[in-house]
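Have a look at the structure below, then the notes.
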Amino acid sequence: MKLARNIGLASAMVALPTLGFAQDATPGVDAASDTIFILNSLLFLVGGFLVFWMAAGFAMLEAGLVRGKNVTMQLIKNISLFSLAAIFYYLIGYNLMYPLGTWSVDGVLSGVWGVGVLEAVGVGRDGADDYGYASTGSDFFFQLMFCATTASIVSGTLAERIKLWPFLIFTIILTAIIYPLQASWKWGGGFLDEAGFLDFAGSTVVHSVGGWAALTGALILGPRIGKYKDGRTIPMPGSNLTLATLGTFILWLGWFGFNGGSQLAMGTVGDVADVSRIFANTNTAAAGGAIAALLLTQFMYKKPDLTMVLNGALAGLVSITAEPLTPTLGAATLIGAVGGVIVVFAIPMMDKLKIDDVVGAIPVHLIAGIWGTIAVVFTNSDASLGTQLYAIIVVGIFTVVTSGVVWFILNAVMGLRVDEEAEINGLDMAELGMEAYPEFSKG
């Protein structure tokens, strides 16, 4: 099976007489194994469609935080990037990410090449790829959603000035190669996993990778016209804070699948108890991030800032993602709260550096992702600070270099940025010829 995270699969073979499932009367068949296979597969499927719903959350968040003249562009980017991720993760990424112990370069590059292959229609016990664990289709579906999430992170940062097709080409390379390759180093049993790096659900493997790719693109692309003028940052309010808030709640909901599904097993009492614990910790970390941002913006600006509170909740979620199991509820709340504080200070810092991040994705996913990866050492005795920092640096350098090369090539060949007139008039009309809110247009 392609799942290589640290979950103690031996415990999954414990019999489950209290679950109330009908016992299989077939001689020589272990009905408890059927139950484990079904429940584990179900966890991946339910977790997967919850993470899929995060795609809607990203779309609504970005649609709300960009200006009205660019909303349609964000929506088409989000549905297109998810669809491209689904296709290219199947074509290349899945086997690149999970080499099943077969390496071209040991611990670094998969030796398994080709498209993802599911089990046969109507497969039975004898034909299942891993009857003792879960179905291949459920695994593929679950892992794909993480891949697509990485691409969604990049979309919001580069909004309002990047051309559609160069962005989508970058998405293909990110989801087919960049994300799966570095993920194989941890979740595919590669050299970071062997070194003892711990990242339960992807503060580094998913969120920081999206953040690094977004930061590299933002530096190459440059800020929006008029964003920074005479040493001042010019506010460019989003079009619809109602949509942005809805998007945040959708992401919050999807995160239960993101972190809870990453337990990767639901066949024992212990597994289900752990999934429950993960849900509770994930929720309270988001709350901690939101409240920290609420109080801090009230203190600093004399008025609460909704966009900071929304990003504070998301930063709390990213912060707990590296280790949502071992903290107590109190510790999880504090870990999330630090994420909320990070957002309040990091977003103005980005503006001082003239790095234009339209939705605040770099502080939320990159900086809070780094914090969350480090925070593992506070609650998990198996974690080493040196190893956690080593992995952060390795993944950061790899993602910046590979993303930078792709962005530079796309910029040289196609040009990344729309022209000045198109940016001023809005990408909806210039790139797509349609508006999200035509009844409010000046015409």
Side-chain angles (χ1 to χ4, degrees), residues 6 54 153 196-208 211 248-249 251-263 273-301 304-350 360-389 391-392:
N6 302 322
M54 292 174 70
I153 294 166
F197 172 49
L198 300 181
D199 190 3
F200 193 95
S203 287
T204 286
V205 173
V206 177
H207 293 282
S208 80
T248 301
F249 275 117
L251 288 166
W252 192 327
L253 171 64
W255 233 285
F256 297 125
F258 201 97
N259 287 355
S262 294
Q263 173 68 12
D274 284 352
V275 171
S276 306
R277 183 183 177 98
I278 290 166
F279 271 45
N281 281 339
T282 298
N283 186 69
T284 199
I291 296 303
L294 174 71
L295 295 176
L296 194 54
T297 53
Q298 174 70 54
F299 175 77
M300 294 176 63
Y301 307 126
D305 185 319
L306 174 61
T307 60
M308 289 287 195
V309 174
L310 299 178
N311 276 327
L314 296 176
L317 289 162
V318 171
S319 299
I320 201 64
T321 293
E323 184 48 270
L325 175 60
T326 57
T328 63
L329 283 170
T333 305
L334 292 175
I335 290 168
V338 172
V341 171
I342 286 171
V343 161
V344 174
F345 286 107
I347 288 178
M349 179 190 72
M350 299 283 292
I362 295 170
V364 168
H365 296 279
L366 174 54
I367 303 178
I370 291 172
W371 152 244
T373 305
I374 293 170
V376 176
V377 303
F378 300 129
T379 64
N380 190 328
S381 59
D382 293 331
S384 160
L385 178 59
T387 303
Q388 296 299 99
L389 292 172
I392 290 168

Could you give the side-chain donor-acceptor pairs of residues 366-374 under 3.5 Å, partners two or more places apart or in another chain?
| from | atom 1 | to | atom 2 | distance (Å) |
| --- | --- | --- | --- | --- |
| W371 | NE1 | I335 | O | 3.0 |
| T373 | OG1 | T204 | OG1 | 2.6 |
| T373 | OG1 | G369 | O | 2.8 |

(message) So M300 and F345, do their side chains get closer than 4.5 Å, heavy atoms only?
(response) yes
(message) If you compare all heavy atoms of I320 against all heavy atoms of T282, which two are closest, and at what distance to 0.1 Å?
(response) CG2-CA, 4.0 Å
(request) Quick one: closest heavy-atom pair of A315 and V343, and the distance? (result) CB-CG2, 3.4 Å
(request) Find the distance between OG1 (T326) and CZ (F200) and round it off to the nearest 0.5 Å. (result) 9.0 Å
(message) Looking at A322, is its backbone amide N or carbonyl O close enough to the side chain of S203 to form a donor-acceptor pair, meaning the two atoms are under 3.5 Å apart?
(response) yes
(message) Looking at every non-hydrogen atom in both residues, tell me the closest pair between V344 and T297 and how far apart they are.
(response) CG2-CG2, 4.1 Å
(request) Find out whether P348 and M308 are in side-chain contact, i.e. whether some heavy atom of one side chain is under 4.5 Å from a heavy atom of the other. (result) yes
(request) Measure across A331 and P327 and return the closest heavy-atom pair with its distance rounded to 0.1 Å. (result) CB-CB, 4.0 Å
(request) Quick one: pull up CG in L314 and OG1 in T248 and give me the separation to the nearest 0.5 Å. (result) 5.0 Å
(request) Nearest 0.5 Å please: distance from the CD1 atom of I291 over to the CG atom of L296. (result) 12.5 Å
(request) Determine whether S208 and H365 make a side-chain contact, defined as any pair of heavy atoms from C-beta on separated by less than 4.5 Å. (result) no
(request) Among residues two or more places apart or on two chains, list those pairs meeting side-chain hydrogen bond (donor to acceptor under 3.5 Å, both in side chains) that have a residue in residues 308-320. (result) none
(message) Looking only at the side chains, is there a donor atom on one of T321 and W255 sitting less than 3.5 Å from an acceptor on the other?
(response) yes
(request) Would you indicate whether F279, at its atom CZ, is surrounded by more than 12 heavy atoms from other residues, nucleotides or ligands within a distance under 6.0 Å? (result) yes
